[in-house]
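So the structure is just underneath, and the comments pick up after that.
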Amino acid sequence: MPELPEVEITRRGFASRIAGARIEGLRLGQPLRWPLGIVADELVGRTVVQVRRRGKYLLLDLDQGVLLVHLGMSGRLRFDTMLPPPGRHDHADLQTTQGTLRLHDPRRFGALVWAAAADAGMAGKLLSTLGVEPLEPGFQPESFYQALGRRSAAIKQVLLAGDCVVGVGNIYACEALFQAGIRPTVRAARLSRPRVARLHAAIRDVLQQAIARGGSTLRDFAGVTGELGYFQLDAAVYGREGLPCKRCGTPIRKTAQGARSSYFCPCCQRF
DNA sequence: CTATGGACCTGAATGC
DNA sequence: TGCATTCAGGTCCATA
């Protein structure tokens with residue numbers, strides 16, 4: 001489900017409301033992708049200082065340690081003082097003095113991981129391989145060009161790999177490549193400086209537009225209070241196979257790369 | 001080191 | 001109607 005915009009929308013929906021809260025308990029449902037890494041009861045009494053985002057991870061900074069949350073493909077968070085009894089797919093309830101943070105995740109590709117510090121243990125391992133944040137000043141055309149120059153894989157797959165730049169998933173990779181006029185199958189290292197500069201700008205633009213629209217609700221994404229996203233209505237190519245390109249009218253094509261679908265306009269993205 | 005494919009898991013949509 | 005197959009917003013890991 002969630003790429004950077006959806007994770008950021010989720011973060012904004014509860015960060016200020018949970019800040020300063022004291023943890024009163026943690027109820028766990030079925031196992032998620034990784035074990036929590038601590039006995040749930042040991043979290044009781046700790047305070048949530050702030051909520052940050054790194055790539056598609058949310059980091060709950062506690063007064064002692066950090067809780068890392070990933071939404072996987074189907075994860076969704078709620079935060080409220082009154083929640084219904086946990087259902088079949090509600091796999092974690094972090095109860096605090098200011099409300100309960102509930103992780104709902106039917107496919108269970110998501111995770112809740114504790115670490116003594118953001119660079120320690122499993123959390124440290126997960127975070128250490130991440131690329132540059134696309135919406136922060138460290139994301140620059142020249143360094144992006146240099147990074148892509150070392151990769152011979154298809155540009156779409158390099159974007160999804162998340163080691164050059166983070167947060168770009170299947171929807172926004174397709175959209176950014178369309179906006180930059182680049183075919184998803186081009187090998188990353190073959191892109192010229194000007195084209196990488198276009199892609200750099202397109203990634204930032206697409207992600208910012210998506211955040212402004214509340215993310216994309218394809219089937220079940222919603223923010224922490226249930227609000228839906230609307231970016232999918234603006235999508236130029238994603239999910240539009242056979243429909244006319246919004247720019248030139250040519251039917252959008254769909255192709256497989258790895259196990260993922262790529263959508264592109266064969267006319268606007270010639271090479 | 002890089003590139004590729006399988007693995008994890010459930011539910012909805014599609015096809016016979 | 002029933003059952004099998006395919007696909008879905010992610011990303012780690014083993015293999016070549």
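All chains are named by letter (A, B, ...) in the order of the sequence lines, taking the proteins before the strands, and each is independently numbered beginning at 1.
- Distance CH2 (A:Trp34) to P (C:dG10): 13 Å, rounded to an integer number of Å.
- In this model, the phosphate group of C:dC7 is not approached by any side-chain N or O of A:Lys254 to a distance below 4.0 Å at OP1 or OP2.
- From A:Gln209, atom CD reaches atom CZ of A:Phe231 across 7.0 Å, with rounding to the nearest 0.5 Å.
- The residues A:Lys56 and A:Glu3 are annotated as not salt-bridged, no charged nitrogen and carboxylate oxygen being separated by less than 4.0 angstrom.
- Residue contacts for A:Phe231: at a heavy-atom cut-off of 4.0 Å it reaches no nucleic acid atom on any strand shown.
- Judged by closest nucleotide on DNA chain B, A:Val158 is the one of A:Ala259 and A:Val158 placed further toward the 5' end.
- Between A:Leu160 atom CG and C:dG9 atom P there is a gap of 9 Å when expressed in whole angstrom units.
- Cluster membership for A:Ile182 and A:Leu160, using ILVMFWY side-chain heavy atoms within less than 4.5 angstrom, is not shared.
- We find that A:Asp63 and A:Arg46 are not joined by a salt bridge, their nearest charged nitrogen and carboxylate oxygen being 4.0 Å or further apart.
- C:dG9: no Watson-Crick or G-U partner with both key distances under 3.5 Å is found in any strand.
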What does nucleotides 8-14 of chain B look like as a protein-contact string, B for base, S for sugar-phosphate only, - for none, at under 4.0 angstrom between heavy atoms? BBBS---

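- Across the protein-nucleic acid pair, A:Asn170 atom CG and C:dC7 atom C1' stand 12 Å apart, rounded to whole Å.
- Between B:dG5 and C:dC7, the two P atoms lie 15 Å apart (nearest whole Å).
- The same ILVMFWY cluster, assembled from side-chain heavy atoms under 4.5 Å apart, contains both A:Leu101 and A:Leu32.
- C:dG9 sits 22 Å from B:dA3 when the P atoms are compared, rounded to a whole Å.
- With both pairing distances under 3.5 Å, B:dC9 is matched to nothing as a Watson-Crick or G-U wobble pair.
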